[in-house]
Amino acid sequence: MTMFNRKSMAAFVMAGLVASVASVAGAQVPDSLTQQGRLFDKDGNPLNQSVTMTFSLYSGPNDPTPLDFETLDVVVEDGYFSVAIGEIKPFKDHLDGSTRYLGIAVGDDAEMSPRFEIRSVPYALVAGNVTGDITPTSVTINGTQVIDSTGKWTGSSSGLIGPTGPAGPAGANGAVGPTGPQGPTGATGATGATGANGATGAVGPTGPQGATGATGATGATGIVATGTFNGSAGTIAASGTGYVFVGPQATVTLASGQKLTAAAEAPLASTATVTFRAGICYQLGAGTITNFVAGAYSIMQVGTIRSGTPAAASISGLAAGTYKVGFCVYNTTGTSIANNDYVNGWVQVTN
């Protein structure tokens, strides 16, 4: 079961991934796969509505790019659904015997984790073009048997055996000579004596020791720099259109290939219950204030009594430059968050 923390669909039960099977011998093997499951809302109630689902096929459990994907509108009744995957974009060309993984995303939610490993049944699609040994009891083509149960060819011989060529002239028979008598087997000769081992040669003198090589350069240390940030959180305005820093920030310089890791905590409260996104953000120059975890953000809630709101994250792959790093909030509600205390946090640059 996979839980969702933002949308109406809160739970998904995997029921199975199976290949369709032809019901008549000799029929064309279907190209689609059948996916069944059950969806619940965030309160645990089964859904009764139409939802958009995206099915993606991957080479590995953590591959970032799918081999192919298909987005379908799926009707859900009492939470149950059944859908044929591959009718619009056939997946069978990717099922070559290698292990494949199916990723599923509902609506605009992130893809479920972990992905489902596709096991042996879907690979029956390769039966549309047999590549190995086959073991029938007989072979019949268009109602005519061509090989019987003993393996004997019973079909037409046309095209298999060419016409008989003309007979060549008869050659003269030579006289056959008598077979000579078999000679007697000779006696086995005696085994010769083993020769003596030669003397072991003397060990040569030890050569002089070679010169010591130059000492290699010292490797880079793990932690390159550490910065801290602490101070009043101030007021977090209502109806926000993006992330804003809460309290002061630390400024760090990042080289190519280095990573940022940060953690912070801020006691927050408001005049009413407020739901918002919170996390660790970075800003390069005057650029956009961006959450370390992008779409994998945490949704927090505070009331009239202050409660500590924590955040921690790590990010790599950023361009080299000087960054501001601090605690951040995205408040889309119509209520400001104003009864706050001090933010305390730190950030490290590591290789």
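Quick note: numbers below take in every heavy atom, side chains included, and nothing from hydrogens, waters or symmetry partners. What you see is a predicted model, and the numbers here were worked out from it, not measured in a lab. In what follows, residues are counted from 1 in the order of the sequence shown.
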**Item:** Partners meeting side chain to side chain contact (heavy atoms under 4.5 Å, CB included) with I305 (sequence neighbours left out)
**Value:**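 Scan of I305 (side chain to side chain contact (heavy atoms under 4.5 Å, CB included), adjacent residues dropped) gives none.
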**Request:** Not counting sequence neighbours, which residues clear side chain to side chain contact (heavy atoms under 4.5 Å, CB included) with T212? List them please.
**Result:**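 For T212 there are no side chain to side chain contact (heavy atoms under 4.5 Å, CB included) partners, ignoring immediate neighbours.
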Once rounded to the nearest 0.5 Å, what's the spacing between atom [atom1] of [X] and atom [atom2] of [Y]?
X    : Y    : atom1 : atom2 : value
I104 : M112 : CD1   : CE    : 5.5 Å
C281 : Y330 : SG    : OH    : 11.5 Å
L318 : T290 : CG    : OG1   : 9.0 Å
T309 : L268 : OG1   : CG    : 4.0 Å
F229 : W346 : CZ    : CH2   : 9.0 Å
E111 : L102 : CD    : CG    : 8.0 Å

Flag side-chain contact, heavy atom, 4.5 Å: [X] against [Y]:
X    : Y    : answer
V325 : Q249 : no
T52  : L72  : no
V146 : W153 : yes
E265 : P267 : yes
N230 : Y342 : no

For the residue pair [Y] / [X], report whether a side-chain donor-acceptor contact shorter than 3.5 Å exists.
X    : Y    : answer
N339 : R306 : yes
N351 : Q258 : yes
T71  : T54  : yes
Q301 : T275 : yes
T144 : N142 : no

**Request:** Go through the steps to decide whether F276 and I337 satisfy the test side-chain contact (heavy atoms from CB on, under 4.5 Å), and finish with yes or no.
**Result:** CA-CA 10 Å; F276 56 93; I337 306 172; 3.7 Å; yes
Heavy-atom pair with the smallest gap, counting every atom of [X] and [Y]:
X    : Y    : value
S270 : V274 : OG-CG2, 3.7 Å
M300 : A278 : CG-CB, 3.7 Å
E70  : G86  : OE2-N, 3.1 Å
V343 : A233 : CG2-CB, 3.8 Å
A269 : T304 : CB-O, 3.9 Å
S307 : V302 : OG-CG1, 3.8 Å

Hey, is the main chain of [Y] close enough, under 3.5 Å, to the side chain of [X] for a donor-acceptor pair?
X    : Y    : result
D78  : Y80  : no
Q49  : V75  : no
N331 : T333 : yes
T322 : T253 : no
R38  : L47  : no
S336 : A338 : no
R100 : H94  : yes
R115 : G60  : yes
S50  : V76  : no

**Partner residues of D148 under the side-chain hydrogen bond (donor to acceptor under 3.5 Å, both in side chains) criterion, sequence neighbours left out** =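 T150.
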**Request:** May I have the step-by-step check of side-chain contact (heavy atoms from CB on, under 4.5 Å) for T261 and V347, ending in yes or no?
**Result:** CA-CA 6 Å; T261 301; V347 59; over 6 Å; no
**Asked** When clusters are formed from ILVMFWY side-chain contacts under 4.5 Å, directly or step by step, what else is grouped with Y58?
**Response**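 Same cluster as Y58: Y101.
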Check residues 238-248 and write down every donor-acceptor pair under 3.5 Å in which the side-chain atom is one partner and the other belongs to a residue at least two apart or another chain.
residue, atom, partner, partner atom, Å
Y243, OH, N291, ND2, 3.1

**Message:** Before you tell me yes or no, could you show the steps for L260 and S314 under side-chain contact (heavy atoms from CB on, under 4.5 Å), namely the whole-Å CA-CA distance, both residues' side-chain angles and the distance that decides it to 0.1 Å?
**Reply:** CA-CA 6 Å; L260 292 176; S314 182; over 6 Å; no
**Message:** V293 vs I315, test: side-chain contact (heavy atoms from CB on, under 4.5 Å). Steps then yes/no.
**Reply:** CA-CA 8 Å; V293 297; I315 189 171; over 6 Å; no
If you group Ile, Leu, Val, Met, Phe, Trp and Tyr by side-chain heavy-atom gaps below 4.5 Å, do [X] and [Y] land in one group?
X    : Y    : value
L67  : F55  : no
I141 : I147 : yes
I289 : V329 : no
F69  : V74  : no

**Request:** Apply ring-ring contact (aromatic ring centres under 6.0 Å, His included) to Y323 and list each qualifying residue two or more places apart in sequence or on a separate chain.
**Result:**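 In terms of ring-ring contact (aromatic ring centres under 6.0 Å, His included), with neighbours along the sequence ignored, Y323 is linked to Y282.
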**Request:** Return yes when atom CD of Q145 has more than 12 non-hydrogen atoms of other residues, nucleotides or ligands closer than 6.0 Å, and no otherwise.
**Result:**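 Check passes, neighbour count above 12.
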